[in-house]
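Here's the structure we're looking at; comments come further down.
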Amino acid sequence: MTGAEPTPPLLAAHALVRSHLSGSTLIPAVRGISLRIDRGEFVAVTGPSGAGKSTLLHLLGGLLRPDEGELRLDGRRVDRLREAAWARLRRRHYGIVFQSGNLLSDFSVADNIELTALLAGMSGRTARERRQELLEDLALAHKATAGPGELSGGERQRVALARALVNRPQLLLADEPTGNLDSRSTRDVLALLSRYHQQGTTIVLVTHDARAASTADRVVSLFDGRIADDARVEEPPDAWSSANGVRDVIDFGG
Amino acid sequence: MRHQLLALLARQPAYGYELKQGLEQTFGAAYPQPNIGQIYVTLSRLEKSGLIRGTEVTQEGRPDKKVYEITEKGTEELAGWFEAPTEGPRVRDEFFMKLILAEGTDLADQLTLINNQRRHCLNTMRGLNKLAATERGNRTSLLLIEGAVLHLQADLDWLERCQEELT
Ligand SMILES: Nc1ncnc2c1ncn2[C@@H]1O[C@H](COP(=O)(O)OP(=O)(O)OP(=O)(O)O)[C@@H](O)[C@H]1O
Ligand SMILES: [Mg+2]
C-alpha cells in the first residue's frame, strides 16, 4: 500500500508492453499502454482488427504476462504472480469471456454454467438458481440440455457470458461478447451488462460494435498497440427525447 | 468552398489561380473542381466578411492581381470549423474535407479530428440507445432508430479506415 493513494484503482496498468512470437519473428501487439480502471467503471475498448485489444484483455486478466510494465490489482502488484496465484485471483474476482467463446465441450449448456459456479465454491442450490436466472436473461432456457456443438455462434457466446457472470465477479473482462449476435440478442446482452454494471460490477468490454461501446461510460480506442483516445461517453442532451419526434431528433444527430 | 479556401490560405498567402491549383492537387478527381469564376466570387465574399485580406500586386505590362492572406478573424473561423464535430446530411463529405485540409495548417491534426468525430458518434449512439429504450413497442420509431444506428456504425468503421490510412 502506498500512502499517497488511499483507494487504489481496481486495475492499474503502467506502460504494458507485450509481443507475440510468430515463427521466429516477434510481433508487437501492445506497445506501451497505461490505463487505470476504477471500481464500478464500465469501459469499452475498441479499435481495428489487430490493434491489440485481445492481447490487452489477456494481460489484464493475467492470461498473458507483460514483457515490460506493471499491473496492479487493488493496489497490489500482480504482473509477476505465478499461474497458480493468478488462477486463484481469477476464480475469486474475475469473469472472463474470450473472443472464441470458451465452453467445456463435453458438458451441456446448463452444466457449463453451473460447474463454473460450483468450482468457485458456490452451494449447489445457489449455483442452480443463478444458472437458471442467467439462462432466462440470455434467452437460452430452451438450450439448457444442448451440448456446445449444437449451438450457433451467438448462442455459444451467450453461454460463455453466462459462465463469466455466474459468480457475480467484481470484474468482468469480455472480448466481443456481441460479435456474432443479431440486433435483438445484442440488445439483451447489453441490457444484462448494464444491469450488472448498475449492481457494481466493473466491466471491460472489447467490442467493434458502436452500440455496445456507447453503452459503456468510457471508451478507450486502441490503435497499433497504443491508446489513441480515452473518452467519457456523454449523456445525450434533453433535446434527445421522443417528445420532440424521433425523426427530428435523429436528423439533429446526423 | 469557403472553408476549403480558408484552409489553403492558412498554409500560405496565394493568388486566386494558385488556390484553384491547390484544390486540384488536394482533392484530385475525388471532387468536382470549381471553376476560377466561382473561386473569385467566394474570395470576394470572404474578403467582404473580413476573413481574408487581398492586396493588389502591380505587374509590369499586365493587369494588377491580388494576393490573398487569411486574417485573424479568418483563422478563428477556420479553427472553429475544425473543432466542431461534423453532423447533418453531408457529414462524411464535410468531415473528409476537414481531415484532408487539416494537413499543412497548424489549426488541427488528423488524429484529433478523428477522435473528436468518434466521440461525437458515440455520444449520438448513446442518445439513440436511450431513445430506443423509451420507444420500446413502437415499431416505426424503432426501425427509424435502427437505421440511424447502422449509419453511425458505418461512419465509425469508416473513421477507423481513415485512421489506418492517414495517421
Ligand atoms: N498467439 C499469437 N501469436 C502470434 N501473433 C499473435 C497472437 N495473438 C495475436 N497476435 C498478433 O498480435 C497483434 C494484436 O492481436 P490482438 O489479438 O490483440 O488484436 P485484436 O485487437 O484483438 O484484433 P481483433 O479485433 O481481430 O480481435 C496482431 O498483429 C496479431 O496478429
Ligand atoms: Mg481480438
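What you see below is based on every heavy atom in this structure, not just the backbone, and it leaves out hydrogens, waters and symmetry mates. Per chain, numbering begins at 1; letters A, B, ... match sequence-line order. Fair warning: this is a prediction, and the values are worked out from it, not measured in the lab.
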Approximate separation, where rounding is to 0.5 Å, of A:R211 CZ and B:L122 CG
13.5 Å
Applying a heavy-atom distance below 4.5 Å, give me the residues of residues 160-167 of chain B that approach chain A, sorted by number.
B:E160, B:Q163, B:E164, B:T167
Under 3.5 Å donor-acceptor pairs involving side-chain atoms of residues 42-58 of chain A, not counting sequence neighbours:
residue, atom, partner, partner atom, Å
A:K53, NZ, A:G47, O, 3.0
A:K53, NZ, A:P48, O, 3.0
A:S54, OG, A:Q99, OE1, 2.9
A:S54, OG, A:D175, OD2, 2.6
A:T55, OG1, A:H20, NE2, 2.9
A:H58, ND1, A:S54, O, 2.7

Checking side chain to side chain contact (heavy atoms under 4.5 Å, CB included) against A:D229, which of B:I114, B:N115, B:L111, B:N116 comes through?
B:N115
NE2 of A:H14: more than 12 outside heavy atoms within 6.0 angstrom?
no
For chain A, which residues of residues 1-21 of chain B have at least one non-hydrogen atom nearer than 4.5 Å to it?
none
Can you give each donor-acceptor pair under 3.5 Å made by side-chain atoms of residues 27-38 of chain B, sequence neighbours left out, with the distance rounded to 0.1 Å?
residue, atom, partner, partner atom, Å
B:Y31, OH, B:D93, OD1, 2.8
B:Q33, NE2, B:G28, O, 3.0
B:Q33, NE2, B:Y31, O, 3.2
B:N35, OD1, B:G37, N, 3.0
B:N35, OD1, B:Q38, N, 2.8
B:Q38, OE1, B:N35, N, 2.8

Side chain from CB out, backbone as N, CA, C, O: work out which of these in A:V219 comes under 4.5 Å of a heavy atom of chain B, or both, or neither.
side chain
Identify the heavy atoms of A:A216 and B:R126 that sit nearest to each other, and give their distance.
O-NH1, 2.7 Å
Okay, B:L156 and chain A: the region with an atom under 4.5 Å from a heavy atom over there is side chain
Is it true that a side-chain atom of B:Q153 and a backbone atom of A:H208 form a donor plus acceptor pair closer than 3.5 Å?
yes
Answer with side chain, backbone, both or neither: which region of B:R119 has an atom nearer than 4.5 Å to a non-hydrogen atom of chain A?
side chain
Bottom line for B:N129: the part with an atom under 4.5 Å from chain A's heavy atoms is side chain
Inspect the surroundings of CD in B:E72 and state if more than 12 heavy atoms from other residues, nucleotides or ligands are less than 6.0 Å away.
no
Kindly check if the number of other-residue, nucleotide or ligand heavy atoms within 6.0 Å of CD (B:E83) is above 12?
no
Do you know which two heavy atoms are closest between B:K130 and A:E235, and how far apart they sit?
CD-OE1, 4.4 Å
Under 4.5 Å from a heavy atom of chain B, the part of A:D224 involved
neither
